[in-house]
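Because only heavy atoms are used, hydrogens play no part in the values below, and waters and symmetry mates are left out as well, while side chains stay in. A note on names: the letters A, B, ... follow the listed sequences, proteins ahead of strands, and every chain is numbered from 1.
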Amino acid sequence: MIDKRVDTIDAALSGIEDGSTILVSGFGNAGSPIRLLEALIDQGAANLTIVSNNAGEGEFGLAALMKAGRVTKVICSYPRSAGSIIFEELYDQGKIELEVVPQGTLSERMRAAGAGIGGFFTPTSAGTLLGANKETREIEGKLHVLETPLKGDVALVKADAGDRWGNLTYNKSARNFGPTMAMAAKLTIAEVKTIKELGEISPEHVVTPGIFVDRVIKLREER
Amino acid sequence: MIDKRVDTIDAALSGIEDGSTILVSGFGNAGSPIRLLEALIDQGAANLTIVSNNAGEGEFGLAALMKAGRVTKVICSYPRSAGSIIFEELYDQGKIELEVVPQGTLSERMRAAGAGIGGFFTPTSAGTLLGANKETREIEGKLHVLETPLKGDVALVKADAGDRWGNLTYNKSARNFGPTMAMAAKLTIAEVKTIKELGEISPEHVVTPGIFVDRVIKLREER
Amino acid sequence: MNTALNRKQIAWRIAQEIKEGSYVNLGIGMPEMVANYIPKDREIVFHSENGLLGMGPTPDKGQEDGDLINAGKKPVTLLEGGSYFSHTDSFAMIRGGHLDLCVLGAFQISESGDLANWATLNNSKPPGVGGAMDLAVGARQVFVMTEHCTKDGQPKIMEHCSYPLTGTGVVNKIFTDLAVIDVTEEGLVVREKVVDITLGELQNKTAAALFEPKVCELRAPIL
Amino acid sequence: MNTALNRKQIAWRIAQEIKEGSYVNLGIGMPEMVANYIPKDREIVFHSENGLLGMGPTPDKGQEDGDLINAGKKPVTLLEGGSYFSHTDSFAMIRGGHLDLCVLGAFQISESGDLANWATLNNSKPPGVGGAMDLAVGARQVFVMTEHCTKDGQPKIMEHCSYPLTGTGVVNKIFTDLAVIDVTEEGLVVREKVVDITLGELQNKTAAALFEPKVCELRAPIL
């Protein structure tokens, strides 16, 4: 029997290695897998590259992982959020590397990784600093840059409901990067609010089909 | 007030011009906008390029449009279905041009058009006849071909339910090419079984957001 | 008497320009105010890059939902007819040219429509780009909402931007506290200006040549 | 006594090879039979390229639904836990390397794993490729299910395919009525053969060198 549900956070995070690239869902706090991120401190993986839209806020979730010194690089579109103190401190101290990627390109690069696309041309960032060192090409009169797929070793995704096959639904704008990151990682771990029986999620309403998900863990809401 | 609902097939199809590229949803008959295709004969547009997975069957829908002599080119992945008699006849007589595109590439090329991607690299068709005249590049040890976006002037899409903002849902595997084609055309016309009040389709369950849809028409099922 | 517009009035002026049925993205910050002044009889669909279409106003106190936020990470609501979708789908809308209009803030705008609004020359903090580059190149029309000059009186409209660009040749129209200016192939054309500034004075506050074939009066109600 | 396998028996043999929890796409035609012989205690998720995951068996007579079909356009059912999605998402699964296995038919297979299964040298009818090229390059493993020779006794396994290719170096394992053969970097390795054929006879029916380090008996129950 296929059963992707796991009972403990230890089981959910087992096998994540030092040096991994970790895709972290969320836009601000909406859809951020805060509990998984904090448990990753105990799990012990270090030297991590984090791909996420923001660079954490306050001292919880992603910021806590950074504060614990586990993150060497952040790939994001917008590191400065209200209260991204930890990140800014580490950045000022030269302790963390930053790659800024336009938000749509960030998402599309992960989709490319998930969909087997070897690279794509986009006009976003062409003619700007962020496109400066990229291969360019004029297509239909518009300058485009070539972007490469962005693959994760692990995706930590916060969803709303999940079942034993790994099917997921999301809640409102907390959907954001979840569905794309789930596709783009070798190991996708989903934190859900509710576990549903198989078939309870209508096949018409599944947002992330289980094929993209490896582990599902039910966690209480913390905030 | 935004109201994309139209009452007559004439209004639904108005403005489609000779020489248009028309994206036609459906996989076999599932999701094929048969009524719209047949009404397009009366509408009169000629010299059409049809993009669809198959090249019609029997003498209805797409096949009827072909039989009426309105189609000069078909871009599809699989022209030979059970009963694709009309297409085969026209093809043998040299009256219709054919471009065969791998199914995944067909869909991805339309998505690229809808998503503003100028081109993408895929390993599909690399090293084969269908990739023979395409720009190639080795990416991570694998040969890729460069594919270009495939845009429609018009998309004819069969959905299940629609509302006045143009939001759409689909039924089972009749979803197939609908959501992608709706994104990829300048003018998207959806044939639906049911018109819903605004808000009746849950915002979590909308498959094609109304931004991609221009006209919605309720048509009785014919077959 | 000073007839220069305040921010609410600039927002009001822009709102008058938005056509019934438009799909509009309002940039974070000042541009968000535009939503407050849409004429009551116009139905406009607001898009937020974090996966919302049909975004509604700020919720009543106590009704906030951390999973329903806008691009500025502030609580919002969803109107009937709205929908939720992933970041990838959201940026497909933006980058695929499906938004009629985007209103953005600016540090600088050039006479050829270049926009600089994400980084300055001396970034004491790590710069974030968010979705600005995607919106700038993707929306069919880009309006800029800005004070005509910086706080210390320097022109923001200039021959060439000195700050890092967000996009090249993307701005269509500039709305300031003093004027409404079209960016055309022939250069910057003043369409409207407030009454108590002369064209000469306006030119002095602008570091690029202004053309004034026919200038109307820019005025707004008291707000 | 002839111990060559019939088609049902080849299907049975392949079914034994499919691991619990696998995501599997069965090509149109002969490969579809594999689903009938999956051991009862194994939960396998079948994918169909027209937008189904968790595809179930043929419906009972009278229960067919034209909107619920498989890639061969035949009526199917959906299991609990299954989901519907668009063609683009379906091919993202295929091309993104999310399928564990795909079973395809073949006209020819080369010793380096090239596959030819979509067009012949003399196509009297227009050729269709469908999803074959996407499946061939995208699935993690590609099994071929075929008769060892053509109807007129010509080898289908050869040094180089003479027919147009579907993909290069994509086949991992070949299951025929006479043998099970691994495609390895060292060449074609016979793993199993039916008892009443000698290795010499098998080599005579194969137009590429076979290696036989350790050959087991290929047998199947009476089906």
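For the options Pro209(B), Pro203(B), Gly116(B), Gly210(B), heavy-atom pairs under 4.5 Å to chain C are most numerous at Pro203(B). Of the listed residues (Gly199(B), Ala184(B), Ser202(B)), the greatest number of heavy-atom pairs within a distance under 4.5 Å of chain C belongs to Gly199(B). The candidate with the highest count of non-hydrogen atom pairs below 4.5 Å against chain C, out of Asp163(B), Asp3(B), Leu198(B), is Leu198(B).
When only modelled atom types and interatomic distance are considered, His47(C) and Asn25(C) share a side-chain donor-acceptor pair under 3.5 Å. Judged by distance alone, the side chains of Lys156(C) and Thr146(C) do bring a donor and an acceptor atom under 3.5 Å apart. Between the side chains of Asn70(C) and Ser48(C), no donor-acceptor pair is found at a separation under 3.5 Å. His148(C) and Thr206(C) share a side-chain donor-acceptor pair at under 3.5 Å.
A 6.0 Å sphere centred on OH of Tyr78(B) holds no more than 12 heavy atoms belonging to other residues, nucleotides or ligands. Annotation for Glu135(B): atom CD counts as buried by contact number, over 12 foreign heavy atoms lying within 6.0 Å. Counting non-hydrogen atoms of other residues, nucleotides and ligands closer than 6.0 Å to CZ of Arg219(C) gives a total of 12 or fewer.
For Lys196(B), no part lies under 4.5 angstrom from a heavy atom of chain C.
Taking the charged nitrogens against the carboxylate oxygens, Glu197(B) and Arg164(B) have no contact shorter than 4.0 Å, which rules out a salt bridge. With salt bridges taken as basic N to acidic carboxylate O contacts below 4.0 Å, one links Glu147(C) and Arg7(C). Of the charged side-chain nitrogens involved, none lies within less than 4.0 Å of a carboxylate oxygen, so that Lys218(B) and Glu191(B) do not count as a salt-bridged pair. Taking 4.0 Å as the cut-off between side-chain N and carboxylate O, Glu138(B) and Lys142(B) do not count as a salt-bridged pair.
The ring of Phe177(B) has its center no closer than 6.0 angstrom to the ring center of Phe27(B).
Interface residues of residues 89-117 of chain C toward chain B, defined by a heavy-atom distance below 4.5 Å and sorted by number: Ala92(C), Met93(C), Arg95(C), Gly96(C), His98(C), Leu99(C). Proximity to chain C at a heavy-atom threshold of 4.5 Å picks out Arg111(B), Gly114(B) from residues 96-114 of chain B, in numerical order. Contacts from residues 26-36 of chain C to chain B, taken as heavy-atom pairs separated by less than 4.5 Å, involve no residues at all.
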Q: Could you walk me through whether Leu78(C) and Tyr84(C) pass the side-chain contact (heavy atoms from CB on, under 4.5 Å) test, one step at a time?
A: CA-CA 9 Å; Leu78(C) 195 80; Tyr84(C) 303 117; 3.7 Å; yes
Q: Please lay out, stage by stage, how Thr176(C) and Ile157(C) fare under the test side-chain contact (heavy atoms from CB on, under 4.5 Å).
A: CA-CA 10 Å; Thr176(C) 78; Ile157(C) 305 171; 4.3 Å; yes
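Among residues two or more places apart in sequence or in another chain, the salt bridge (charged side-chain N to carboxylate O under 4.0 Å, His left out) test is passed with Glu147(B) by Lys134(B).
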